Amino acid sequence: SIDKFIPQLKPINNILLTGATGYLGCHLLFTLLTTTKYNIYLLIRGQSIEHAKHKIYQKFLFYFSIDLDQFERRLF
């Protein structure tokens, strides 16, 4: 778990991740989703919420061949 490497003064429950549709951001998202239980707030440009959601789902599927539906309750 990534938690043991982060010195904490208080527990972390939420993360704001920008750049999630890029290479590095998408890989950070994968790491956060698979090694933590954090809620992840994504800042993604799009014509609508559905368009932005479609962008990140497609990128994640492209890089990892994994559907983000299994993590949907943790993504905002």
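Numbering of residues begins at 1 and proceeds along the displayed sequence. Being a predicted model, the structure only gives us computed values, none of them experimental.
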Ile12-Ile40 co-clustered via ILVMFWY side chain contacts under 4.5 Å: yes
Joint cluster assignment, Leu43 & Tyr23, ILVMFWY side-chain distance < 4.5 Å: no
If you look only at distance, which donor and acceptor atoms sit under 3.5 Å apart when one is on a side chain in residues 44-52 and the other is two or more places apart or in another chain?
residue, atom, partner, partner atom, Å
Ser48, OG, Glu50, N, 3.4
Ser48, OG, His51, N, 3.1
His51, ND1, Gln47, N, 3.2

Using residues 14-22 as the side-chain source, report each donor-acceptor pair under 3.5 Å to any protein atom, sequence neighbours left out, with the distance given to one decimal.
residue, atom, partner, partner atom, Å
Asn14, OD1, Asn39, ND2, 3.3

Run the side-chain donor-acceptor check on residues 60-76: report pairs under 3.5 Å with partners two or more places apart or on a different chain.
residue, atom, partner, partner atom, Å
Asp67, OD1, Asp69, N, 3.4
Glu72, OE2, Lys53, NZ, 2.7
Arg74, NE, Tyr38, O, 3.0
Arg74, NH1, Leu33, O, 3.0
Arg74, NH1, Thr36, O, 3.4
Arg74, NH2, Leu32, O, 3.3
Arg74, NH2, Thr36, O, 2.9
Arg74, NH2, Tyr38, O, 3.1

Heavy-atom neighbours of His54 NE2 exceed 12 at 6.0 Å: no
